[in-house]
Every structure is written in structure tokens, then in C-alpha cells.
Amino acid sequence: MFISKIKLSGFKSFSDETVLNFDYSLNGIIGPNGSGKSNIVEAIKWVMGENSSKSLRGSGMNDIIFSGSTTKASKNIASVTLFLKIDSKDISSSSKKYINSGNIEVERQIIRDTGSTYRINGKEVRAKDVQFLFADLSSGSRATNIIDQGSIGNLITQKPSERRRILDEAA
Amino acid sequence: MFISKIKLSGFKSFSDETVLNFDYSLNGIIGPNGSGKSNIVEAIKWVMGENSSKSLRGSGMNDIIFSGSTTKASKNIASVTLFLKIDSKDISSSSKKYINSGNIEVERQIIRDTGSTYRINGKEVRAKDVQFLFADLSSGSRATNIIDQGSIGNLITQKPSERRRILDEAA
Amino acid sequence: ARNRVLNTFASINSTFSELFKKLFDGGKAYLELIESEDPLEAGLELLVSPPGKKLQRISLLSGGEKALASLALIFSTFINRQTPICILDEVDAPLDDFNVERFCSLLKETTKITNKKFLVITHNKITMGYMNKVYGVTMNEPGISKLVSVNLDKIDSEFAAE
Amino acid sequence: ARNRVLNTFASINSTFSELFKKLFDGGKAYLELIESEDPLEAGLELLVSPPGKKLQRISLLSGGEKALASLALIFSTFINRQTPICILDEVDAPLDDFNVERFCSLLKETTKITNKKFLVITHNKITMGYMNKVYGVTMNEPGISKLVSVNLDKIDSEFAAE
Ligand SMILES: Nc1ncnc2c1ncn2[C@@H]1O[C@H](COP(=O)(O)OP(=O)(O)OP(=O)(O)O)[C@@H](O)[C@H]1O
Ligand SMILES: Nc1ncnc2c1ncn2[C@@H]1O[C@H](COP(=O)(O)OP(=O)(O)OP(=O)(O)O)[C@@H](O)[C@H]1O
Ligand SMILES: [Mg+2]
Ligand SMILES: [Mg+2]
């Protein structure tokens with residue numbers, strides 16, 4: 001299974017709809033300081049079920065909705081959709097039911113001050129279902145395959161009991 | 001007052017005596033990963049009276065003494081000397097007594113498993129005297145004019161009550 | 001469950017040692033389960049020594065050495081797992097040019113043996129050169145992020161701000 | 001003592017705003033004393049907005065923006081004080097090339113108005129170019145650090161590992 005593309009709209013500094021295709025193995029993202037690169041990483045963590053606003057550098061869930069700029073008004077809705085290509089040997093039992101034409105679309109949408117809803121292939125599901133889907137694939141918003149900016153050295157400086165998570169995820 | 005040179009011997013990876021002159025305003029230090037650049041910064045913090053081995057990335061004071069390599073045996077003594085040029089308007093009352101020929105030499109030496117001794121212009125003094133000298137100059141091992149590797153963003157992410165230290169040092 | 005953890009540990013340990021030697025061009029490194037007899041409770045310790053150096057406390061490693069050792073560990077766990085993507089946000093920032101090249105060739109080799117996708121955010125021109133495709137994120141309209149597809153030859157002109 | 005803190009606060013605040021605008025080429029930033037009426041107890045808050053962006057919570061700034069805002073604050077306190085040296089260990093790592101140039105010109109300007117000495121550790125070739133003198137640290141003999149004086153023109157050959 002792998003991610004084939006991601007669509008964001010109203011998420012942090014991405015006020016307009018933006019699509020990022022992962023057509024190749026090594027996809028580079030460059031750009032000046034403050035242009036929005038790390039916001040893309042946070043969009044992926046968020047759609048996978050990340051609920052701690054602190055780990056998205058905010059202090060409340062509304063902080064991820066586009067808050068306006070000197071030329072554009074703020075928005076009230078933010079949404080991110082992850083498009084996954086899948087083959088049957090990849091997936092565990094809890095997610096087998098989603099293998100229709102080999103694709104899974106996971107969408108998360110938030111309305112300011114109301115809360116967020118999740119959909120898988122267009123059908124509304126609970127947050128747990130999405131978190132479960134990614135946990136089976138030993139990935140997800142806190143997994144060790146996402147290295148946040150500035151945290152590359154952390155794995156080494158953690159205590160041995162914290163480091164064992166690496167083992168548990170891979171097992 | 002400014003630092004004119006520093007001499008290290010047996011300190012961390014600097015097993016042999018090494019002298020670094022600060023003849024210019026902007027002194028750059030370059031070199032491959034792991035070659036010993038940040039160890040120089042720690043030598044300066046140590047001679048100024050830093051006593052927390054954790055802030056020197058060790059777990060005991062012996063960790064700063066050269067521990068050997070595949071070709072050289074470990075040492076039992078480490079010493080660092082800081083050479084300062086001074087003019088009388090610079091210094092506060094507690095340190096005025098050191099203004100002999102316009103120079104101050106601060107030396108710290110440690111012997112494995114015995115502890116460290118300080119000297120100012122050749123005369124043995126207490127740790128407090130050295131810490132006092134640098135506190136008067138609102139510098140010292142924990143002052144905000146030393147930015148450790150990887151910590152440039154910390155000033156911003158600290159709590160407001162911690163940030164006020166900046167103000168206290170400058171006042 | 002205990003057996004599964006022990007098997008995973010053995011496989012990660014051998015991959016970690018091998019990748020460490022590749023990234024550091026020598027030296028040695030291995031993992032150990034400590035603090036408990038039970039593999040389900042034990043902590044994971046790393047013992048590393050860069051080439052020419054004695055086995056040291058891991059806290060004494062330099063900023064670049066810690067980053068490189070972390071990458072060896074991350075890649076050693078990644079190869080065994082099913083993860084849909086690996087995201088690396090400016091992991092090359094503490095590395096000197098030599099080690100950036102080593103990190104990038106490890107990336108390239110890994111994509112040859114798996115069909116994993118990588119998202120690599122970087123300011124380093126060497127790393128940009130290794131990518132199959134480069135996206136640029138700009139804020140031509142202040143405060144609004146837009147995505148543009150970047151042609152590597154043009155990097156100097158279009159992304160002068162880089 | 002209260003008056004001294006208030007005077008220092010006012011002078012740092014105005015230098016900080018000025019340096020922030022210089023480093024970010026616009027935008028606005030200022031300091032506030034919060035959490036207590038007494039200047040000796042109060043905490044120090046920063047309010048910043050990069051050019052084109054609304055005044056935001058400081059935690060939402062990017063890695064590079066946080067580093068640049070920190071540098072503005074550090075330099076604003078440094079100019080008032082007597083410190084014998086300022087040490088910057090790879091502070092340019094999160095910055096793009098544009099902002100490295102801005103940081104370096106601030107360094108250069110500061111040395112013109114004070115006789116302070118700076119020790120700048122870096123892997124960035126742009127920053128190396130701004131130094132008055134460059135020392136190289138090498139481990140030709142593994143595990144043993146040695147200092148060599150580097151001639152800037154030769155940087156490419158001698159420090160290929162950089
Ligand atoms: N809800 C929001 N609405 C609008 N803008 C936002 C929102 N949240 C964050 N931002 C903006 O996004 C910017 C940060 O983007 P990001 O951290 O992705 O930058 P970056 O490209 O990773 O930069 P660097 O290279 O410095 O790491 C900030 O300047 C911030 O103002
Ligand atoms: N007591 C000691 N004896 C011998 N070597 C030591 C001692 N303490 C630390 N070291 C060595 O010093 C090295 C770290 O040096 P340092 O952190 O200064 O590197 P650096 O030049 O700053 O590298 P980077 O560019 O990666 O930040 C480590 O490899 C460590 O093994
Ligand atoms: Mg970033
Ligand atoms: Mg270092």
C-alpha cells in the first residue's frame with residue numbers, strides 16, 4: 001500500500017485547494033522559510049487522526065483552519081483527503097472491507113467551533129476507524145516513519161524505555 | 001573586555017594542547033561532523049564555571065577528560081585557559097583587583113576522580129570567584145550570548161516567565 | 001508475542017549495524033534489550049562507535065553523528081514494515097556535505113529494494129539533486145501557500161530565495 | 001532596580017522591533033511584559049508577524065521563522081551588554097539561503113558598531129564567506145581533534161568533507 005496523492009483545502013496556510021501527487025519514489029519539497037512545507041506534513045498527520053493540537057503547533061483545533069492573511073479573509077472549513085493505492089496482501093482484517101477497486105480515500109473535514117468528521121470512500125466513519133486503518137499499517141500520525149522538523153536527533157537522546165516503541169511498531 | 005585566545009589540553013577530543021586566537025571580530029569554525037567544533041564551545045562554558053555535566057553532554061565530570069581513541073591512551077588531566085583583554089571601564093568592583101597589565105587569565109584544571117581547581121592570573125581561587133567575574137560581565141556558562149547547537153528556536157518556544165532571564169541579564 | 005518481538009529485534013539489530021557501517025563508512029553499532037528479562041518490557045539501548053573512536057556514551061556524539069545514527073535506526077525499522085510513506089522534514093540540516101551524500105545514496109538504495117514513497121523536505125541543494133521530482137512551495141501572495149512543480153535545472157532562478 | 005528593568009525593557013524592545021524588520025524585510029514585532037504588574041516578576045511575551053501575515057501565536061511560526069526571530073532577540077540584548085564573546089553554534093542550519101545572507105549582514109553590521117567578538121560554527125558556505133578568519137577542526141588522526149587555519153579560497157579542496 002502506498003499514498004498516491006493528497007488534497008488540502010483551507011488547511012493552515014493552504015487557503016485554496018492544493019493537490020500533491022506522489023508519482024515517484026523520492027518526492028522533494030523545497031521553498032523559502034515560512035512558505036508552508038511543514039504544514040503539508042501536519043496535514044498528513046491530521047487526516048490520519050492526530051488530535052493533539054500541540055503536535056500541530058497550535059493551541060486549539062481551530063488553529064489548523066486558514067486564519068486569513070493581509071489580503072484574504074479567514075475560512076471556516078478545512079479539509080484534507082489522502083488517496084491510497086492498495087493491494088490485498090497489504091492489509092489486515094479490519095480494513096479488508098475497504099478494498100473496492102484497489103483504492104482507499106480517507107477524508108477529514110473540520111468546521112470552525114464545531115468539530116471534525118471523517119469519511120472513508122465517501123462513507124462517514126468514526127475517528128477510531130481511521131486510526132485503526134493506519135495502526136494496522138504500523139503508520140499513523142505518531143509513527144516513527146514521520147520525522148518532524150528539528151527532531152532527527154531525538155530518537156537517540158530518548159530513554160531506552162521510550163525507544164522500544166520502534167520495536168513495538170515494527171513487530 | 002573581550003576574549004583574546006583560548007588554550008585547551010586533554011579536554012574531550014582535544015588530547016594535545018590546542019590554542020585558538022580571536023584576532024578578528026568574526027571568527028568562523030568549520031569541519032566535518034564529529035570533528036570537535038562544539039567541544040570548543042563546551043571548553044569555554046567549562047572554564048567559566050559550568051558544573052552541570054549534563055549541559056556538557058556527559059554524565060559525570062570525568063566525561064570531559066580525553067577518554068582515548070583507537071591510537072591514543074586516555075588522559076587523566078584536562079585543562080582550559082581563557083585569556084581576556086580588559087580595560088578599566090569594563091569591569092565591576094569585584095573584579096577590579098585583577099586589572100594588572102590589562103589582562104586576565106582564567107584557568108580551570110581537572111584531575112580524573114579528584115575534582116577541579118581554578119586559577120586567575122596564576123593564583124588559585126574558588127569556583128565562586130570565577131563565576132562572579134563572569135556574572136559581572138553578564139556572561140558566563142549559561143548566559144544568553146552562548147547559543148548551543150540545535151537550540152536557536154528555544155528562546156521563542158520557552159514560557160514567558162523563563163524568557164524574562166534575557167531582561168535580567170541585560171539590566 | 002514474545003517470539004515476534006525477539007525476531008523483530010534480531011532483524012532490526014542486524015540491519016541497524018549494517019546501515020550504521022554504511023553511513024559512517026566504518027565503526028560499529030548494535031542494539032541491546034536492557035532493564036528487564038522480558039522482551040515485552042525491556043528498554044532499547046544503542047551502543048555505537050564512529051570509526052576511530054572508542055565505544056562512547058551516546059550523549060557525547062556530535063549533532064551530525066546523532067542525526068546519522070538516528071537515520072540508520074529509522075531506515076532499519078522502515079524496511080521491515082508496511083508503511084505507506086516515510087516523511088523526512090529537514091533531517092539533513094545538521095549534516096556536512098559528505099554525510100548528506102551518504103544519506104542520499106542510502107535513500108536511493110532503499111527505493112530500489114522497496115516500492116515505498118518518500119517525502120523529503122530540504123534546503124540542501126545536494127539532496128534536491130537526488131529527488132525524482134521536486135515540488136516548490138511558495139508564498140507569492142503573502143500568507144497563502146501555493147505548490148509549483150520545479151524543474152531542477154531552473155532551481156537557481158526560480159527559487160532564488162532558497 | 002524596577003526602573004533599571006523598565007529602561008532595559010524599553011531599549012531591548014525598540015532594538016528588537018528594528019532588527020526583526022531588518023531580518024524579515026518588513027512585518028512587525030514587539031515585546032510585552034505580562035502575567036504581573038511588577039516588572040521584576042512579569043514574564044516576557046513576543047508578538048510577531050512576518051510580512052504579509054496576521055499577528056499569530058508564536059508557536060505557529062515555521063522552523064526558520066523561529067530561528068530568525070530568536071536571532072533578532074539575541075542581537076537586541078547583546079548590543080546593550082558587556083559580554084566578552086557571542087557564540088553561535090550552527091544557528092544558520094534551519095535558514096534558507098536568502099535568510100542566511102540577511103543573518104550574515106546583521107552580523108557584519110553589529111561588528112561595525114561594537115568591538116565584540118563572535119565565534120560562529122557553521123557548515124554553510126555563505127556564512128563561511130562572511131568570516132574575517134576561518135579555523136578548521138579536523139580529525140585526521142581518528143578521535144583526536146586538531147585545529148588548522150583555513151584559507152577561504154582553498155575551502156573546496158581542503159575541507160571536501162564539509
Ligand atoms: N491556520 C493558519 N492560517 C494561516 N497561516 C497559518 C496557519 N497556521 C500556520 N500558518 C502559517 O504557516 C507558516 C509556517 O509554515 P511552515 O511551518 O510549513 O513553513 P516551512 O515551509 O516549513 O518553513 P521552514 O523552512 O522555515 O521550516 C507560518 O508563517 C504561519 O504563519
Ligand atoms: N572525553 C572525550 N574524549 C574523547 N573524545 C570525546 C570526549 N567527549 C566527546 N568526545 C568526542 O567528540 C565528538 C563530538 O564532537 P563535537 O560535538 O564537538 O563535534 P562537532 O564538530 O560539533 O560535530 P557536528 O558538526 O556534527 O555538530 C564525539 O564524536 C565524541 O566521541
Ligand atoms: Mg518547516
Ligand atoms: Mg556540533
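Here is the naming used below: chain letters follow the sequence lines, and residue numbers restart at 1 for every chain.
Residue contact with chain D, scored on non-hydrogen atoms closer than 4.5 Å, involves the side chain of B/Thr71 exclusively. For D/Glu41, the part lying near chain B is the backbone, with the side chain staying farther off; criterion is any non-hydrogen pair under 4.5 Å.
Between B/Arg57 and B/Glu42 a salt bridge is recorded (basic side-chain N to carboxylate O distance below 4.0 Å). Under 4.0 Å is where a charged nitrogen must lie from a carboxylate oxygen, and between B/Arg119 and B/Glu105 no such pair does. In this structure, B/Lys72 pairs ionically with B/Asp16, as a charged nitrogen and a carboxylate oxygen lie closer than 4.0 Å.
Legend: residues meeting salt bridge (charged side-chain N to carboxylate O under 4.0 Å, His left out) with D/Lys66, ordered by chain and number and at least two apart, are absent. Residues that satisfy the salt bridge (charged side-chain N to carboxylate O under 4.0 Å, His left out) test with D/Glu109, not counting sequence neighbours, are D/Lys22. Residues that satisfy the salt bridge (charged side-chain N to carboxylate O under 4.0 Å, His left out) test with D/Glu32, not counting sequence neighbours, are absent from this structure.
Using a 4.5 Å cut-off between non-hydrogen atoms, the part of residues 3-15 of chain B that approaches chain D consists of B/Ile3, B/Ser13, B/Phe14, B/Ser15.
Of the listed residues (B/Leu26, B/Val41, B/Ile40), the greatest number of heavy-atom pairs within a distance under 4.5 Å of chain D belongs to B/Leu26. Across B/Ser69, B/Ser25, B/Gly36, the residue that shares the most heavy-atom pairs under 4.5 angstrom with chain D is B/Ser25.
Judged by the 6.0 Å distance and 45° axis criteria, D/Lys133 is not positioned over the aromatic ring of B/Tyr24.
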